[in-house]
K.L.:
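To start, I am sharing the structure in question, which I have written as structure tokens.
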Amino acid sequence: MLGAGWTARGRRLLPLACRLLQPRPLRRVCSSGRLRGDSAASGLSEAGLQPLRDKFGGLSVRLSQLRSPESLEPETFRRCLQDSIRQWRTEGYVAVWLHVPILQSRFIAVAAEQGFAFHHAESDSATLTLWLAEGHSRLPHYATHQVGVAGAVLDVHTGKVLVVQDRNKTRNAWKFPGGLSEPGEDIGNTAVREVFEETGIKSEFKSLLSIRQQHRHPGAFGKSDMYIICRMEPSSFKISLCQQECLRCEWMDLAELAKTSDTTPITSSIARLLLYGYREGFDKIDLTMREFPSVYTGLFYKLYHRELPENYRNMTG
Ligand SMILES: NC(=O)C1=CN([C@@H]2O[C@H](COP(=O)(O)OP(=O)(O)OC[C@H]3O[C@@H](n4cnc5c(N)ncnc54)[C@H](O)[C@@H]3O)[C@@H](O)[C@H]2O)C=CC1
Ligand SMILES: [Mg+2]
């Protein structure tokens with residue numbers, strides 16, 4: 001029997017909803033990854049909801065494809081999902097990815113009762129997963145780190161480096177201006193942007209100097225934090241301090257920064273590294289950047305490493 005909350009429209013949709021969640025045998029997968037085949041599959045197409053098989057033997061179900069999600073009662077969804085999970089297991093699928101638009105969030109609790117857990121949620125959609133195969137889940141985790149980037153902006157003509165003291169910090173220590181990378185932003189571009197936003201100084205990215213990894217970072221919502229310091233060259237010199245983020249900003253003698261105790265251990269270490277490069281040659285400290293075409297068509301990536309001598313760079317045969 002159907003529940004009391006079941007509407008006339010919902011009743012009409014029950015067979016459809018059940019079919020929407022019916023698993024398709026692996027052999028019915030077409031080249032696009034869509035499950036194809038018999039009358040049930042044509043029902044799926046009709047409603048626009050088509051579970052997709054991925055190359056790892058998992059399935060992807062997108063609730064955004066439901067034509068009338070408001071007519072699908074959570075109880076109906078629960079029964080359909082339960083049946084489907086049983087069948088998907090029998091058919092050897094290894095995992096299910098369930099994509100839920102924020103407005104259909106009532107289905108999340110139902111899926112959680114069937115063993116689904118959040119994989120990630122962003123903006124207007126949540127993705128839940130259920131591992132179906134034997135043993136522990138082999139599904140990759142979502143993002144594990146946040147990335148922060150600072151710019152060590154050195155004026156090579158004066159030997160002075162740009163330093164700030166952040167507002168809202170427990171201790172006022174000198175550090176390089178910097179901040180969090182935005183999605184899709186190159187490391188060097190974050191450094192240029194953050195240096196400019198916090199100090200008004202324009203600068204150019206030259207190289208990577210260091211990477212700090214910190215687990216369970218309180219400012220990263222308990223995730224890990226990668227803090228990257230770049231070597232930068234200034235192209236303007238007049239400071240215009242961001243009052244919201246910074247307390248102080250100045251051009252400080254690099255040798256003084258390398259010696260002062262009024263700084264953090266990271267800044268102190270990198271000031272000494274930068275001083276060494278300034279005196280002995282930046283090739284001794286730089287991780288420079290090269291750009292290559294990616295295996296993903298139309299995309300490029302940036303590779304950072306120590307400079308290679310010409311005869312190693314152009315090796316053939
Ligand atoms: N040199 C060192 O020792 C230090 C390194 N770092 C690293 O720098 C990176 C982050 O740099 P930041 O300058 O902190 O980032 P950021 O320059 O992007 O500034 C973050 C902004 O978000 C605001 N904010 C943060 N949490 C907030 C909240 N809950 N509510 C409202 N506003 C909030 C802050 O007030 C600040 O304006 C991280 O990778 C961190 O590990 C941070 C501090 C010191
Ligand atoms: Mg900052």
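Each ligand, and each atom within it, is numbered from 1 in the order the structure gives. Since the structure is predicted, the reported quantities are computational estimates derived from the model, not experimental observations.
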K.L.:
Tell me which N, O or S atom from E198 is the closest to the Mg ion (ligand 2).
P.N.:
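In E198, the N, O or S atom with the shortest distance to the Mg ion (ligand 2) is OE2.
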K.L.:
Within this structure, what is the OG1-CG distance for the pair T199 and L241, rounded to the nearest 0.5 Å?
P.N.:
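One finds 8.5 Å between OG1 of T199 and CG of L241.
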K.L.:
Measure and list all N/O to N/O distances between ligand 1 and the protein that fall under 3.5 angstrom.
P.N.:
from, atom 1, to, atom 2, distance (Å)
ligand 1, 1 (N), Y227, OH, 3.2
ligand 1, 3 (O), T264, OG1, 3.3
ligand 1, 13 (O), G178, O, 3.2
ligand 1, 17 (O), G178, O, 3.0
ligand 1, 17 (O), E194, OE1, 3.4
ligand 1, 17 (O), E198, OE2, 3.0
ligand 1, 17 (O), E245, OE1, 3.2
ligand 1, 18 (O), L180, N, 3.0
ligand 1, 39 (O), D225, OD1, 2.9
ligand 1, 39 (O), D225, OD2, 3.1
ligand 1, 41 (O), R212, NH2, 2.7
ligand 1, 41 (O), H217, NE2, 3.4
ligand 1, 41 (O), D225, OD1, 3.4
ligand 1, 41 (O), D225, OD2, 2.8

K.L.:
Do the side-chain N and O atoms of E310 and N314 include a donor-acceptor pair separated by under 3.5 angstrom?
P.N.:
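A pair is found: one side chain offers a donor N or O, the other an acceptor, under 3.5 Å apart.
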K.L.:
Does either side chain, that of Q82 or that of R78, offer a donor lying less than 3.5 Å from an acceptor on the other one?
P.N.:
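Result is yes, a qualifying pair exists.
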K.L.:
I270 and F205: same hydrophobic cluster, using ILVMFWY side-chain contacts below 4.5 Å?
P.N.:
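No.
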K.L.:
Mind checking whether the Mg ion (ligand 2) has an N, O or S of G178 under 2.8 Å?
P.N.:
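Yes, G178 qualifies, because one of its backbone or side-chain N, O or S atoms lies under 2.8 Å.
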K.L.:
Please check if atom CD in Q244 has more than 12 non-hydrogen atoms from other residues, nucleotides or ligands closer than 6.0 Å.
P.N.:
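12 or below, so no.
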K.L.:
Name all residues meeting the side-chain hydrogen bond (donor to acceptor under 3.5 Å, both in side chains) criterion together with K223; count only those two or more places apart in sequence or in a different chain, and write none if there are none.
P.N.:
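Listed in chain order: nothing, the list is empty.
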K.L.:
Are F300 and F292 connected in the hydrophobic side-chain network, where two residues link if heavy atoms are under 4.5 Å apart?
P.N.:
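Different clusters: F300 never reaches F292 through Ile, Leu, Val, Met, Phe, Trp or Tyr contacts under 4.5 Å.
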